[in-house]
Amino acid sequence: MTLPLDLLTFSLLSTVRNPFPMPDHVVTRFAPSPTGYLHVGGARTALFNWLWARRSGGTFLLRIEDTDQKRNTPTATQQVIDDLTWLGITWDEGPQKGGPQGPYFQSERLELYDGHVQRLLDEGKAYYCFETTQELDARRKEAEAKKQGFIYRRPPQLPSEQEAADARAAGRPVTVRFAIPQDQTILVSDLVRGDVRFEASEIADFIIRKNDGFPTYNFACVVDDFLMKVTHVIRGQEHLNNTPGQQVLWTALFGGDSLPKYVHMSVTVSDAGGKLSKRERPKALLTAIKKMQDVDLVRLAQAGRISAEALRGFLDKKSTPDMPSVDAMAAFLGLHLPEINVVDFVKSGYLPEAMINFLALLGWNPGDDREIMGLEELIQAFDLDRISKSNSLFDRNKLVAFNTEHMRKVGKETLRRHMRAYLERAGSPVQKADDALLGRIIEMCDGARTLADIEAKLRFAFVEDDEVRYDPKSVKKVLRKVGAMECLALVRDKLAQLDHFTEEALEGLLRGLAEQKEVGLGKVAQPLRVAICGSNVSPSIFDSVKLLGKESTLARIDNTLKKFGDE
RNA sequence: GGCCCCAUCGUCUAGGCAGGUCUAGGACACCGGGUUUUCAACCCGGCAACAGGGGUUCAAAUCCCCUUGGGGCUACCA
């Protein structure tokens, strides 16, 4: 007796003429909800949509899904816009740009949704619902106790408009649910998953309009994707289970012919387990604090600009401070938290070119051995059918390697531009360098892995002589070595006699000295390096001394001799 | 609990749909060596995988089933 099912499946399949016809004009969208910073998972989704639109000469649009009045944060939209802009992902229609299907904020499209809700209501395809959240929770718990799933289904008699009005007058919550047509198998044809079947009986009559009059995600996204003529819905796999419901809703609203192609990409998972989440940073901070001893909680709370109670709540896992507080506390403790949000990567000194390249390869590949690719190359190579099905882990090591390669690949001018922006954001003293100088000193750092590395290497030359911070490890490793201070004193005398600090002169002087003492250059160069830089990480010793100039070099050597000489 | 997705080196992955050419390729990480004025970069070499079981077949990483494992969803969140 399997015949009926087979027949049903067949009839569903046969209504689709060509499963994957290529639309004339591709339209993709990125539809974030403004609840905080854009994180890498979101950036990857945006990128894939963008890449596909660019590849196929289509349109990419940005739509802000601000339908949750409780969770929206006022600055989030701007943050998302900033982050996409930094990445170089530009939209053809959306906020700040407008477009024929605007507005692009869902909160400004309420009337539009209402019209469609009313239509469904009138056609008996949707119905009013008056339960409170508490009542629903109770029913859910009850089902759970019986080890059953809770699937909301319409009552035999649908409430009338009058009853809805009465309920509203009585102060009851009034929501609208979509009545999922029963007794059918819903076939979702996904471009990367293939055909996925769902039983209608397993899909609840989901809410399409909340009590506050706002649409839910599952409703607004269907209406907007249709109105905005979206042809490809490319999103994370976490939406696959929403798709049958959305598809049935779409069909009820607009008919099945206009259905978009669905592309559900794998989820990016964290090395901490589970999908990469914004909660990881506070979690990492908490773990680190617990591991540390003698943490000054009063000062920590001050650093994070939170109250003592708030900090206690955080330590007891009862509450989580906001991101700026988390960042500030991590900075106070000298911790490096895992980057999650796009801004985290900006602050850590990554290049957008490297981010884009890395993100593109997370769940996609060009089919050959190419890995380091520029934007144009990615666009040319991109194709939906090379998106992989399995989840991928976000590996920061590989990102660093990509960044190192792109630091060379982008070219001097671009690198200098990125560096300038990085320095300004970080408020680094290296900002004092003009463009010509900045260009020259960046070249001294060839092979650096991030912009932060370059900054760290160059910083010494832009602080006052008495502001040099001496890294204890470097001091121990270099200055405390037998003979180091004597050697440094000798170097000081020689340098004092040198009039012109050119590279050749310095090299001649230091190499000559090493030869004369029958030691390697390192014996001479290292104490000098630590004396002027405060650390054993700097550009070449000749570059470093020349950059600093005679006066400062001598002053810093004297400071060092005084400070570490007689200990 | 229910439903859905996924499964190749530690990690990202090629190969899978059109089974033999796969003693499974590349990259990152790691280990060893080289270069060297530090860090980094760079060069050479090495380690390392088809989750398990059953089928189908002359032949399975590749097709089918089961088990196991991982992930997602199960909201008046998106």
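Below, chains carry the letters A, B, ... as their sequence lines are ordered, and counting in each starts from 1.
- Contacts between residues 505-525 of chain A and RNA chain B, defined by a heavy-atom separation below 4.0 Å, involve A:Arg511, A:Leu521, A:Gly522, listed by number.
- Residue contacts shown for A:Glu131 include a base, since a base heavy atom lies under 4.0 Å away.
- In a base pair of the Watson-Crick type (N1 to N3 plus N6-O4 or O6-N4) or a G-U wobble (N1-O2 and O6-N3), with each distance short of 3.5 Å, B:C73 is matched with B:G2.
- Nucleic acid contact for A:His239: base, since at least one base atom lies under 4.0 Å from a heavy atom of the residue.
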Between the protein and nucleotides 32-35 of chain B, are there any N/O to N/O pairs under 3.5 Å, and if so, what are the atom names and distances?
none

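- Heavy atoms of A:Ser388 sit under 4.0 angstrom from primed sugar atoms or phosphate atoms, though from no base atom.
- Within 4.0 Å of A:Asp137, counting heavy atoms only, lies no atom of the nucleic acid at all.
- Under the Watson-Crick or G-U wobble criterion, with both distances below 3.5 Å, B:C39 is left unpaired in every strand shown.
- Nucleic acid contact for A:Ile541: base, since at least one base atom lies under 4.0 Å from a heavy atom of the residue.
- The base-pairing partner of B:U68, taking Watson-Crick or G-U wobble contacts with both distances under 3.5 Å, is B:A7.
- A:Pro32 comes within 4.0 angstrom of nothing in the nucleic acid, heavy atoms only.
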Distance-only donor-acceptor hits, side chain of residues 360-370 of chain A, under 3.5 Å, sequence neighbours excluded:
unit_1	atom_1	unit_2	atom_2	d
A:Trp364	NE1	A:Asp383	O	3.3
A:Asn365	OD1	A:Gly367	N	2.7
A:Asn365	OD1	A:Arg386	NH2	3.0
A:Asp368	OD1	A:Arg370	N	3.0
A:Asp368	OD1	A:Arg370	NE	3.2
A:Asp368	OD2	A:Arg370	NE	3.2
A:Asp368	OD2	A:Arg370	NH2	3.3
A:Arg370	NH1	A:Glu377	OE2	3.3

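- Counting any heavy atom pair closer than 4.0 Å across all strands shown, A:Ser540 reaches a base atom.
- Looking at A:Arg140 and A:Asp137, a side-chain N of the basic residue comes within less than 4.0 Å of a carboxylate O on the acidic one, giving a salt bridge.
- Residues satisfying the side chain to side chain contact (heavy atoms under 4.5 Å, CB included) criterion with A:Asp83, sequence neighbours excluded, are A:Leu38, A:Val342, A:Val343.
- Under the Watson-Crick or G-U wobble criterion, with both distances below 3.5 Å, B:G19 is left unpaired in every strand shown.
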Distances under 3.5 Å only, N/O to N/O: pair up the protein atoms with those of nucleotides 1-9 of chain B.
unit_1	atom_1	unit_2	atom_2	d
B:G1	O2'	A:Lys147	O	3.0
B:C5	O2'	A:Arg193	NH1	2.4
B:C5	O2'	A:Gln237	NE2	3.2

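- When heavy atoms are screened at a 4.0 angstrom cut-off, A:Asp446 is found touching base atoms of the nucleic acid.
- Residue-level contact check: A:Glu238 touches the backbone only, with heavy atoms under 4.0 Å from sugar-phosphate atoms and none from bases.
- A salt bridge is absent between A:Glu405 and A:Lys409; no separation between the charged side-chain nitrogens and carboxylate oxygens falls under 4.0 Å.
- Within the 4.0 Å cut-off from OP1 or OP2 of B:U74, not a single side-chain nitrogen or oxygen of A:Arg140 is found.
- Within the 6.0 Å centre-distance limit, the rings of A:Phe345 and A:Phe394 are counted as a close aromatic pair.
- The distance between atom CD of A:Glu503 and atom P of B:U37, rounded to the nearest whole Å, is 15 Å.
- Spacing of C1' atoms, B:U74 relative to B:G26, comes out at 40 Å, to the nearest Å.
- Residue A:Arg386 is classed as a sugar-phosphate contact, given heavy-atom separations below 4.0 Å to backbone atoms only.
- With hydrogens and angles left out, the side chain of A:Asp369 and the base of B:A14 share no donor-acceptor pair within 3.5 Å.
- In summary, A:Arg71 and A:Asp68 engage in a salt bridge, as defined by a charged side-chain N under 4.0 Å from a carboxylate O.
- Ring planes of A:Tyr152 and A:Phe150: perpendicular class, angle over 60° (limits at 30 and 60°).
- As rounded to whole Å, 14 Å separates atom C1' of B:A78 from atom CZ of A:Phe214.
- Looking at A:Glu131 and A:Arg177, no side-chain N of the basic residue comes within less than 4.0 Å of a carboxylate O on the acidic one, giving no salt bridge.
- Contact annotation: A:Thr67 side-chain N/O to B:A78 OP1/OP2 distance is under 4.0 Å.
- Pair check for B:C31 finds B:G45; Watson-Crick or G-U wobble, both atom distances under 3.5 Å.
- Rounding to whole angstrom units, CZ of residue A:Arg279 and C1' of B:C77 are separated by 11 Å.
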Heteroatom pairs (N/O) under 3.5 angstrom, protein to nucleotides 62-65 of chain B:
none

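- Ring centroids of A:Phe382 and A:Phe48 are separated by less than 6.0 Å, placing the two rings close together.
- Here the two rings, on A:Phe358 and A:Tyr350, have centers that are 6.0 Å apart or farther.
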